Amino acid sequence: GEDVEQSLFLSVREGDSSVINCTYTDSSSTYLYWYKQEPGAGLQLLTYIFSNMDMKQDQRLTVLLNKKDKHLSLRIADTQTGDSAIYFCAERSDYKLSFGAGTTVTVRA
Amino acid sequence: DVKVTQSSRYLVKRTGEKVFLECVQDMDHENMFWYRQDPGLGLRLIYFSYDVKMKEKGDIPEGYSVSREKKERFSLILESASTNQTSMYLCASSPRPRGGETQYFGPGTRLLVL
């Protein structure tokens, strides 16, 4: 079955860049997603990338996809305190999503 | 804006009770999903439904059942709640896959089984 892995914790200083990494196993994945979960809330879609793309940029967010290595990353530029949250990567196969365990990002002053 | 609502934010039940978690979406989405979220495990799919009265097992269906009598509503049922079902339950909906359309999530129900 599908297996998505990501590191559990990341601590970053306010104003620095954050990089969250993810690996996946399903080579037939069509889309890959990044979701954000703030405390006590559901998941909010941040961005996604189609599997035939290498990079996607959306304001402070940059997604990089290395399809050969099945590696996905999310870079957040100029990290702010409001970016403190859990970030999930997910791969889509048909209409099902497989999620990683989530990376808890803590932004320190 | 897509809206997915869940009937309760917090719920406390006793072992052996029958528990109903309700989810409603207002975007006429065909697909609906129930997940549970546990620390360090991420989201695990319990059941999903791709049409009214249709359901399919996810990765961890044991101890759960579902009901989808109307398109907008998807219910998760714990027939006899146990302490290991204490968790955060998330409902999601999505249209049929086209392009990058993804799943939209409700705020979650935090269930405590005593």
Side-chain angles (χ1 to χ4, degrees), chain A residues 1-10 20-26 28-53 56 58 61 63 65 72 85-104 106, chain B residues 1-10 21 23-25 27 29-51 54-61 87-110:
Chain A
E2 302 86 355
D3 198 9
V4 180
E5 293 189 356
Q6 49 184 130
S7 53
L8 292 182
F9 301 100
L10 176 68
I20 308 167
N21 294 300
C22 172
T23 57
Y24 62 98
T25 56
D26 187 356
S28 67
S29 295
T30 52
Y31 288 90
L32 296 120
Y33 301 87
W34 284 104
Y35 282 86
K36 176 183 181 183
Q37 184 181 36
E38 295 180 356
L43 274 67
Q44 167 199 354
L45 178 67
L46 276 182
T47 187
Y48 66 91
I49 188 166
F50 186 46
S51 58
N52 70 351
M53 296 171 64
K56 180 178 180 181
D58 184 1
L61 305 178
V63 179
L65 175 61
L72 180 74
I86 305 175
Y87 291 80
F88 292 92
C89 66
E91 59 174 351
R92 192 182 99 189
S93 183
D94 197 6
Y95 46 80
K96 288 171 64 176
L97 294 180
S98 295
F99 289 86
T103 300
T104 299
T106 303
Chain B
D1 269 357
V2 176
K3 194 159 184 192
V4 181
T5 56
Q6 296 183 227
S7 51
S8 306
R9 293 300 303 273
Y10 301 94
L21 302 183
C23 175
V24 178
Q25 50 96 2
M27 281 302 292
H29 284 168
E30 289 84 1
N31 305 319
M32 294 188 76
F33 307 82
W34 275 107
Y35 296 88
R36 65 178 281 176
Q37 180 184 5
D38 300 288
L41 296 177
L43 275 70
R44 293 180 291 167
L45 182 64
I46 304 171
Y47 267 97
F48 66 100
S49 168
Y50 51 89
D51 205 347
M54 306 300 287
K55 61 184 179 185
E56 285 207 21
K57 292 180 180 178
D59 300 318
I60 51 162
S87 188
M88 168 76 107
Y89 290 87
L90 291 165
C91 174
S93 73
S94 72
R96 291 203 198 288
R98 46 180 184 269
E101 280 286 5
T102 185
Q103 295 178 18
Y104 299 87
F105 284 82
T109 295
R110 193 168 290 281

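Just so it is clear, the structure is predicted and the values come from calculations on it, not from any experiment. Below, chain A is the first sequence line, B the second, and so on; all start at residue 1.
Taking every heavy atom of both residues into account, B/Q103 and A/Y35 meet most closely at O-OH, 2.9 Å. Heavy-atom minimum distance, B/F105 versus A/L43: CB-O, 3.6 Å. Nearest heavy atoms, A/A101 versus B/G40: CB-O, 3.4 Å.
No more than 12 heavy atoms of other residues, nucleotides or ligands shown are found within 6.0 angstrom of CZ on B/R110.
Only the side chain of A/F88 comes within less than 4.5 Å of a heavy atom in chain B; its backbone stays farther off. Neither the backbone nor the side chain of B/Q6 comes within contact range of chain A; no heavy atoms are under 4.5 Å apart. Proximity to chain B (any heavy atom under 4.5 Å) is restricted, for A/Q37, to the side chain, taken from C-beta onward. In this structure, chain A has a heavy atom under 4.5 Å from the backbone of B/L41, while its side chain stays farther away.
Most heavy-atom pairs under 4.5 Å with chain B, from the set A/L97, A/L8, A/T104: that is A/L97.
In this structure, the separation between OG on B/S94 and NZ on A/K96 is 12.5 Å, given to the nearest 0.5 Å. Note that the CG atom of B/D59 and the OG atom of A/S98 stand 7.0 Å from one another [nearest 0.5 Å].
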